[in-house]
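Report on the structure given below.
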Amino acid sequence: TQSTRPQRLLNAVQKNATRGDPRSVVKAIDDFCRHKEWAMNVGDEKGCILDSVVSEINPAAVLELGTYCGYSTVRIARLLPPHAKLITLEFNPDFAAIARQVIAWAGLEEKVQLVEGASGDWIPKMKEQFGITTFDLVFLDHWKDRYLPDTKLMEECGLLRKGSVLLADNVICPGTPDYLEYIRSSPRYESRYFKSHLEYTKVEDGLEKSVFKG
Ligand SMILES: O=C(NCCCCCn1ccc2cnccc21)c1cc(-c2ccc(F)cc2)cc(O)c1O
Ligand SMILES: [Mg+2]
C-alpha cells in the first residue's frame, strides 16, 4: 500500500533524529519539509516565535488545537517546566497515530496528552476530563473557521483566566479573518501580530498573540 506523507515524515524522524532528543526531531522534520515534501507544520521561522512565547509564559497548562504530526507539540513540550501538561487535540486518527510516534521518539510522552476528536466536542469537557482549571497558553492551529467559535467556547467554559495567552497560526495564510476581526476589536484581549512566512515558503503569514484580560 502507498505510504502517506505523515508516514514518510515519521520515517524521516526515525531515520535522522536521535531518540530522546527533541531538537533533533524538530530539525529532522524541518529538513524533510524543506528539502523533500512540504507539510503544514508551523515550521522553523514561526516556530522560533512560538518558542519565545512559550519561554516567556513558562506555562503549567497548555492546549494545542491541531496536532497534525506533532511538530509544534514537540516544540512546545520540550520547553515546558517539570509537571507542566500539554493537551493536544487531533481530529484525524491517522495524523494522531503518527503524532504519538513522533512525540514518543522525542521522549516527551510524559508531558503530552494527545486527545482524538473535535474541538467543539472536547472543549466543554476539558475541566471534568483532565482536571484543568484554566489554560495558560492555547495554540490554535486547527480548522481556520473554528478559531473564532472555539475561542468564544473557551471563554464560555471558563477555560481562560486574566493573562491567558492565545497564539494563533495562519492568521494570513490560509487566513482567519473573522477571528482576527473579533480578537483585535474586543476590549477583552490585547493582541499583537508577529509577521512571518508560511512554513518553508516566502509567502506571508504570521502568528497573532492575544492576552485575555478577564
Ligand atoms: O489547515 C491547516 N491546518 C488544519 C488542518 C486540519 C485540522 C483538523 N483538526 C485538528 C484538530 C481539530 C479539532 N477540532 C476540529 C478540527 C481539528 C493548515 C493549512 C495550511 C496551508 C495549506 C495549504 C496551503 F496552500 C497553505 C497553507 C498551513 C497551516 O499551517 C495549517 O495549519
Ligand atoms: Mg498551521
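Any value given below was found using the heavy atoms of this structure, including those in side chains, with hydrogens, waters and symmetry copies removed. As the structure lists them, so they are numbered: ligands from 1, and atoms in each ligand from 1.
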For [atom], what is the closest protein heavy atom, and at what distance to 0.1 Å?
atom: atom 11 (C) of ligand 1; result: L89 O, 3.3 Å
atom: atom 2 (C) of ligand 1; result: K144 CE, 3.4 Å
atom: atom 13 (C) of ligand 1; result: S119 N, 3.4 Å
atom: atom 5 (C) of ligand 1; result: M40 CE, 3.6 Å

Original post:
Would you find more than 12 non-hydrogen atoms of other residues, nucleotides or ligands less than 6.0 Å from R23 atom CZ?
Top reply: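 Atom CZ in R23 is not packed in, count stays at 12 or less.
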Original post:
Strictly by modelled atom types, are R184 and S191 linked by a side-chain donor-acceptor pair under 3.5 Å?
Top reply: no
Show the atoms of ligand 1 that are less than 4.0 angstrom away from any heavy atom in [X].
X: G117; value: 13 (C)
X: D169; value: 30 (O)
X: D141; value: 3 (N), 4 (C), 32 (O)
X: A118; value: 14 (N)
X: E90; value: 10 (C), 11 (C)
X: G66; value: 10 (C), 11 (C)

Original post:
At their closest point, which heavy atom of Q129 faces which heavy atom of W122, and how far apart are they?
Top reply: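 Residues Q129 and W122, closest heavy atoms: CG-CZ3, 3.8 Å.
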Original post:
Which pair of non-hydrogen atoms, one from V74 and one from I103, has the smallest distance, and what is that distance?
Top reply: CG2-CA, 4.3 Å
Original post:
Which option out of F91, F95, W38 puts a heavy atom nearest to atom 22 (C) of ligand 1?
Top reply: W38
Subject >> Identity of the nearest option to atom 29 (C) of ligand 1, non-hydrogen atoms only, from D205, L198, N170 >> reply: N170
**OP:** Give the C-alpha distance, both sets of side-chain angles, the deciding distance and a yes or no for salt bridge (Lys or Arg N to Asp or Glu O under 4.0 Å) between R34 and D30.
**Re:** CA-CA 6 Å; R34 190 172 291 285; D30 283 330; over 6 Å; no
Below 3.5 angstrom, do we get any N/O pair linking [X] and ligand 1?
X: N41; value: no
X: R146; value: no
X: E199; value: yes

Should [X] and [Y] count as side-chain neighbours, where that means a heavy-atom distance under 4.5 Å?
X: D141; Y: Y68; value: no
X: V165; Y: V211; value: yes
X: Y193; Y: I172; value: yes

**OP:** Go through the steps to decide whether N16 and D31 satisfy the test side-chain contact (heavy atoms from CB on, under 4.5 Å), and finish with yes or no.
**Re:** CA-CA 10 Å; N16 302 313; D31 291 349; over 6 Å; no
Original post:
Does S72 put an N, O or S atom under 2.8 Å from the Mg ion (ligand 2)?
Top reply: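 No N, O or S atom of S72 is closer than 2.8 Å to the Mg ion (ligand 2), so no.
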Original post:
Is G43 in contact with ligand 1, taking contact as a heavy-atom separation below 4.0 Å?
Top reply: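 It does not; every heavy atom stays at 4.0 Å or beyond.
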Subject >> Which atom of D169 approaches the Mg ion (ligand 2) most closely (N/O/S) >> reply: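 Nearest N/O/S atom: OD2.
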Original post:
Which single N/O/S atom of D141 lies at minimum distance from the Mg ion (ligand 2)?
Top reply: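 The nearest such atom is OD1.
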Original post:
Does the protein put a heavy atom less than 4.0 Å from atom 7 (C) of ligand 1?
Top reply: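 Yes, there is a protein heavy atom closer to it than 4.0 Å.
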Subject >> atom 25 (F) of ligand 1 within contact range, any protein heavy atom under 4.0 Å >> reply: no
**OP:** Any chance you could lay out the salt bridge (Lys or Arg N to Asp or Glu O under 4.0 Å) test for E116 and R100, step after step, and finish with the verdict?
**Re:** CA-CA 11 Å; E116 292 182 40; R100 289 187 199 283; 3.1 Å; yes
Original post:
Where the side chain of K144 meets the backbone of H142, is there a donor-acceptor pair that is under 3.5 Å apart?
Top reply: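 At least one qualifying donor-acceptor pair exists.
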Original post:
When rounded to the nearest 0.5 angstrom, what is the spacing between CD1 in I183 and CG in D178?
Top reply: 10.5 Å
**OP:** State plainly whether the residues D136 and R161 are in salt-bridge range, i.e. N to O under 4.0 Å.
**Re:** yes
